Structure formats: C-alpha cells, structure tokens
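When a ligand or atom number is given, it counts from 1 through the structure's own listing order. This is a predicted model, so every value here is computed, not measured.
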Amino acid sequence: MPVDVVWFKKDLRARDHAPLVSASLSGSPVICLFMLEPGRLELDDTDPIHIQWELDCAVELSATLRDSGADLHFAVGDAVSILEELNQSYGIERLLSHEETGNSWSFERDRRVLKWSIDKGIEWLEWPHNGVVRRLKSRDDWKRHRDKRMREALSDPPFFANSIPFNGPIPSLDELGFHPRDLLMRPEPGESAAIRKLRSFLNQRGREYRWAISSPTLSVDHGSGLSPYFSSGSLSMKRAVQETSSRIEWIRENRSMVNAPGDWIKSLSSFKKRLAWRCHFIQKMEMEPNLDMVAQNPAIDRNLERELDNNRFDRWRMGNTGWPFLDACMRQLRSTGWINFRMRAMIMSAASYNLWLPWKDTGTYLARQFLDYEPGIHWSQIGMQSGTTGINTIRAYSMTKQGRDQDPEGEYIRKWVPELSMVPTKFIHEPWKMPEALQRELSCIIGKSYPYPILDELESRKSGVSRSYAARRGEEARAISKRVLQLHGSRSKPRRRGRGDSNGVQKKLF
Ligand SMILES: Cc1cc2nc3c(=O)[nH]c(=O)nc-3n(C[C@H](O)[C@H](O)[C@H](O)COP(=O)(O)OP(=O)(O)OC[C@H]3O[C@@H](n4cnc5c(N)ncnc54)[C@H](O)[C@@H]3O)c2cc1C
C-alpha cells in the first residue's frame, strides 16, 4: 500500500501541524521524515550551531511522535535522492509538508523536489506556515490573510495506527565532520520547552517587556527568548498569537487579580506586534527569494561602493574595535548565539555606516552567529540596517550613547570585555580618555591591553550617513525604491515620532 510521507522542515513540532493531521486521517501508512542535507551544511550562511539545534529539536520531536504511534525517520543526503529511495522502497502516494520560505538554496531545492514529484506522479501538498502568504497578489491584502490564519483552530498531536517503523541511527554532526561551537545559555530544544518558555513569558517574565527589550542584559529575562523555537518551527506562530491574545483578554477581565495590569497589557500588546513583524519580514523573502543575494535596491547598493576591508571586518567580528559597548555585544553574541534587537541593529549600523563594510559579508557572518537565524527576517533587516532598501530612514546608532543608556555603570562591558574589568565607570565607555598614570596604575594600557578606537566614532558615522543619503539620489535608485515600497512596504500607519516601537519600518522615500 503506498505511503504518505510527512516531510519535517522548519516545523519541528507535533502540535498545530496540518501535514501531520492530514496524514493521520488518510488511512495510508505514514513515514515521518527529517533530513540532514549536506548541501545546506556547505552554505556560507549555515553554521553547525543551526543544524545541531534542529537535530536536537528533531530528537525531542521523535519522542513525542512515538507517543502518538509514529516513528521519525532520520536520513542524511540530498532531498530528491532520499525521497526517491523511499519511493522505490515503499511507493509514495503523497508528500506532505509546510511551505518553506528559506534562503535561495532552499528555494532551488524545493523546485527540484517539485519537478521530481511531478515526474513521478506524486502529489506534493503544502500547507501555509506562519502568517506568510504564498502567491500573494498585493501587499494591501496581506494583513487580512494573516489575521484570518492566526484565528484558525490549533490542533493536538494526532494518533497514528499505521506508521512505518524506523530503527536506524540518528546522525551525529561529529560523524559528519561538523563541530558546532558550544553556546553559553543555549535554550533547551524542542516543542515542550518552547511552550513552557512562551507560558513563562506570558505569565511571569513579560510584564517588563516594553522597557526591558532594549537592554542586552534585561532582555535576556524579560524578552520572550522564543526566536530559536520559531526558527526551528518548534512553536507555531498561531499558538503564540492565540495564547498571547487570551492572556491579554484574561488580564483585562481580571485586573484586580494582577499586579500592574496596565503594564502587562502594554507589554503583551507590544510583543504581539512583534509577532506580526516576524511574518511581515518573512513575507518579503517569500516575494523575492533572492534577498540573501541581491539588495532590495541594487542601484543604491552599487552607488554605496562599499568594499571589504579585512582589518576592519576582523576587528568588528572579534569584538576588538576599541568601542567597548560594541565589542561587548559582539562577544556576547559569539558566546551565546543571541542578542536583542536593538543591539543587532547597532552592530549592523556600526558595520555599515562607521566601518563601511558590505552587507553581504557582515550579514553572512551574523547569520552564522544567530542561533535563531531566519533568512526572511535576517536579510530584510540586514537590508534595512545597511541602508540598501531605499525605503527606510537611515538609522545610524551612536555606540557610546547606546552604551551609556543601556549600561550606565559599565557592568555589561566589564563582563564581556574583561580587559576593561578594572576601568572605573567614569571611563568605561571611553577608556582611551583615561590619563596615562591611571592606565599604568590599573595595568590597562590602551593600545596594548585594549585597542584604541578603530576610527573616530562620530566622524565615521557622520560620513557614513551622508554617503548613504547621497547613494539614494538619482533616478534609477528612486524608481527602484518606489517599487520596493509597493512590493514590501508595511501598510500600517506610521507611528508618531518618539513614541511606540522602533523596528525601523519605512517612513518615507528618499
Ligand atoms: C540585523 C538584524 C538581524 C536579525 N536577524 C534575525 C534572525 O535571523 N532571526 C530572528 O528571529 N530575528 C532576527 N532579528 C530580529 C530580532 O532581533 C529577533 O527576532 C529578536 O531579538 C529575538 O529575540 P526574542 O525572541 O526574545 O524577541 P521578542 O522581542 O520576544 O519578540 C518575539 C518574536 O517576535 C519576532 N520579532 C521580534 N523583533 C522582530 C523584528 N524586528 N523583526 C522581525 N521579527 C521580530 C521574533 O520572531 C521574536 O522571536 C534581526 C534583527 C536585526 C536588526
């Protein structure tokens, strides 16, 4: 009897999984399949930490599926070859999966799988994932589609009476020759951990969200920390949206039972907005699958004439620029695989405006640092924060100001840049201003123990910003910017200056 294959991609969960539900209802034997594709391992934007995370989430998924009567088959190889092997062994009737909006590579791989399935007469059914709308005709309709989808019912793990058993080995990255770096504070993988994290945020950690998320330290506890789970699909967006809405509703109805209900409601509403941003940004990649290769506005990108300066790139990468707050952020990111939104934007602003580095190199490096790497969000944000979309205000951060605002006592800098651990607060953000006698007394010689700033921060930022505005001039750049706005621009009303969220959505054309 021919089988249904449920292909797990970036949807490593058993709940709220439409392809699984469909397979359980069909009556055909089922193969649940997770593939490690070596082609992906070789990509510049793939890091072993991403694969290890997915593998660990898949292992947890296999335990949940087993409770539902199904085995998860692990396989290593090219997707078409693996599917063809299964087809020859069992005869595949239907291939069931979620739509994937990944990078250029996954787009091409899906095209090959589609061609193969058509050639073999196999039906490949794909269900929408998140709030991303495939074949969307106009951005004007996007929000309506997404909101409708977010209201659909959640589903429990289905039961399987007829699953093909799997007794094979679970691949190990070590055996494949890939050695992920150890991450400090890596979250616990899998769907159960994701749901626990969502609920601890909604019930305990989230009240301070609105003001805590700009800080690289406070955001660790008071941000949701859900991004790696969304990226592996261990948590569905629909569940996150629905549980957040229910919690807001509950607080509204039970104000007297909650400490600071107004703060809770504001924070959770702000969080809910960000959940929508996730879908909004991935939708851009869905509509232009090569955003990891080509800037949204190639004319601006050309006009910028950024070049890779290896010395600058290496010092930025390693957190050795001599700008203490930036260096602390780069080192936190490398050690933990995560940093908050504001600091990601600042890191990219330093690379693009101060150091004038090309977005493709810096974006690829960052992709490999983020455990939560999500191509649709990542490359759209890289475009925005490097000034290559033409539709966003240029936001160039002062690192010293961010440092003073977010780390007034310098504790965060001292933690991540131990060379500066003995520097008094007065000089922690600008250690090169320490008198020489004090440097000697503290055994912290600037230029030796810790570098001088790589460039004058203010001058380099000013120059980067004015060159970036200049690159927007010209007919071609403007014409493309109009097209970008039409295709990708947020349709929500611009916020009033100085209030609300600041994800840098577009405000005006230049
Ligand atoms: C240069 C740059 C690159 C980025 N790359 C990624 C990436 O590869 N993967 C990724 O998940 N996020 C990325 N972000 C967005 C954001 O920084 C992270 O989503 C956030 O820091 C994750 O932490 P959290 O889950 O605690 O977020 P929370 O603040 O708790 O937000 C909840 C969820 O909302 C979504 N979200 C939050 N902020 C944004 C945003 N600005 N844009 C889109 N979605 C958002 C995420 O799914 C997040 O998990 C990037 C931002 C920048 C500036």
Side-chain angles (χ1 to χ4, degrees), residues 10 45-47 49-50 53 101-103 129-132 185 187 194 197-198 200-202 205-206 208-237 239-241 243-244 267-285 291-292 329-330 332-333 336-352 359-360 362-389 392 395 397 490 501-505:
K10 299 285 203 111
D45 61 347
T46 302
D47 195 88
I49 61 165
H50 303 144
W53 173 249
T101 309
N103 53 11
H129 201 208
N130 295 323
V132 176
M185 301 188 305
K197 193 138 202 165
L198 170 67
S200 76
F201 174 75
L202 295 178
R205 298 183 292 118
E208 292 84 356
Y209 178 80
R210 234 163 48 108
W211 54 264
I213 49 164
S214 299
S215 152
T217 43
L218 297 175
S219 56
V220 173
D221 288 328
H222 301 294
S224 73
L226 289 171
S227 50
Y229 298 107
F230 283 131
S231 296
S232 58
S234 305
L235 183 67
S236 81
M237 178 52 68
R239 174 176 300 278
V241 170
E243 292 204 10
T244 307
S267 276
L268 295 187
S269 304
S270 174
F271 170 69
K272 217 174 130 187
K273 237 190 249 174
R274 280 173 172 78
L275 296 178
W277 289 354
R278 178 180 182 85
C279 305
H280 164 79
F281 281 106
I282 302 177
Q283 184 70 40
K284 297 185 190 210
M285 195 81 164
L291 284 186
D292 52 343
C329 291
M330 296 306 284
Q332 177 196 343
L333 174 58
T336 67
W338 185 88
I339 197 160
N340 61 326
F341 170 76
R342 172 76 66 88
M343 271 57 257
R344 293 186 197 205
M346 186 193 77
I347 285 170
M348 204 46 210
S349 143
S352 305
W359 63 269
K360 185 83 171 62
T362 51
T364 302
Y365 175 75
L366 291 179
R368 298 189 64 150
Q369 301 311 302
F370 295 149
L371 181 64
D372 62 22
Y373 173 49
E374 176 68 53
I377 304 180
H378 188 72
W379 293 108
S380 307
Q381 284 286 356
I382 292 291
M384 263 168 49
Q385 311 295 346
S386 62
T388 51
T389 65
N392 303 101
R395 192 167 273 134
Y397 290 81
S490 162
D501 295 326
S502 60
N503 78 328
V505 289

Participant: Before signing off on this row, confirm whether Ile377 and ligand 1 have an N or O atom pair separated by under 3.5 Å.
Facilitator: no
Participant: Which ligand 1 atoms are under 4.0 Å away from a heavy-atom of Ala345?
Facilitator: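 The list of qualifying atoms is 53 (C).
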Participant: Step by step, work out the side-chain contact (heavy atoms from CB on, under 4.5 Å) result for Phe341 and Gln381.
Facilitator: CA-CA 10 Å; Phe341 170 76; Gln381 284 286 356; 3.6 Å; yes
Participant: Working to the nearest 0.5 Å, report the span between CD1 of Ile347 and CD of Gln385.
Facilitator: 11.0 Å
Participant: Given 3.5 Å as the limit, does a donor-acceptor pair link the side chain of Ser386 with the main chain of Gly383, or not?
Facilitator: yes
Participant: Measure the acute angle between the ring planes of Phe201 and Tyr209, then classify it against the limits of 30° and 60° as parallel, tilted or perpendicular.
Facilitator: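 Correct class here is perpendicular.
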Participant: Which ligand 1 atoms does Ile339 reach within 4.0 Å, using its non-hydrogen atoms?
Facilitator: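 Those of ligand 1 that fall under 4.0 Å from Ile339 are 21 (O).
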Participant: Judging by distance only, is a nitrogen or oxygen of Ser231 under 3.5 angstrom from one on ligand 1?
Facilitator: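 In this structure, Ser231 places no N or O atom under 3.5 Å from an N or O of ligand 1.
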Participant: For ligand 1, which atoms have a heavy atom of Tyr373 less than 4.0 angstrom away?
Facilitator: 8 (O)
Participant: Measuring from the heavy atoms of Tyr209, does anything fall under 4.0 Å of ligand 1?
Facilitator: yes
Participant: How does Phe230 reach ligand 1, by side chain, by backbone, by both or by neither, if only non-hydrogen atoms under 4.0 Å count?
Facilitator: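 Within the 4.0 Å criterion, Phe230 contacts ligand 1 through side-chain atoms alone.
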Participant: Quick one: which ligand 1 atoms are inside 4.0 Å of a heavy atom on Phe281?
Facilitator: 42 (N), 43 (C)
Participant: Can you check whether Phe271 and Trp277 have ring centres sitting under 6.0 Å from each other?
Facilitator: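 No.
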Participant: If we check side-chain hydrogen bond (donor to acceptor under 3.5 Å, both in side chains) with Arg205, which of these qualifies: Ser224, Ser200, Ser267?
Facilitator: Ser200
Participant: Select one of side chain, backbone, both or neither to describe which atoms of Trp338 lie under 4.0 Å from any atom of ligand 1, heavy atoms only.
Facilitator: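 The answer is the side chain.
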Participant: Nearest non-hydrogen atom to atom 11 (O) of ligand 1 belongs to which of Arg205, Arg278, Gln385, Arg274?
Facilitator: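 Considering heavy atoms of Arg205, Arg278, Gln385, Arg274, the nearest to atom 11 (O) of ligand 1 sits in Arg278.
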Participant: Taking His50 for its side chain and Phe370 for its backbone only, find out whether a donor-acceptor pair lies under 3.5 Å.
Facilitator: yes
Participant: Assign the ring pair His378 / Tyr373 to parallel, tilted or perpendicular, where the plane angle (0 to 90°) is split at 30° and 60°.
Facilitator: perpendicular
Participant: Nearest non-hydrogen contact with atom 13 (C) of ligand 1 belongs to which option: His378, Arg344, Gln381?
Facilitator: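 Minimum heavy-atom distance to atom 13 (C) of ligand 1 goes to Arg344.
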Participant: Hey, is ligand 1 close enough to Gly225 that some N/O pair sits below 3.5 Å?
Facilitator: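 Yes, Gly225 has an N/O under 3.5 Å of an N/O on ligand 1.
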Participant: Are any of the N/O atoms in Asp372 less than 3.5 Å from those in ligand 1?
Facilitator: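 Yes - when backbone and side-chain N and O of Asp372 are compared with those of ligand 1, one distance drops under 3.5 Å.
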Participant: Give the atoms of ligand 1, by number and element, whose distance to some non-hydrogen atom of Ser227 is under 4.0 Å.
Facilitator: 11 (O), 22 (C), 23 (O), 25 (O), 49 (O)
Participant: Should you measure from each heavy atom of Ser224, which atoms of ligand 1 turn up under 4.0 Å away?
Facilitator: 24 (P), 25 (O), 26 (O), 28 (P), 30 (O), 32 (C)
Participant: Is it the case that the side chain of Asn130 and the backbone of Val132 share a donor-acceptor pair, with hydrogens and angles ignored and the cut-off at 3.5 Å?
Facilitator: no
Participant: Mind running side-chain contact (heavy atoms from CB on, under 4.5 Å) on Trp379 and Asp45 for me, showing each step along the way?
Facilitator: CA-CA 11 Å; Trp379 293 108; Asp45 61 347; 4.2 Å; yes
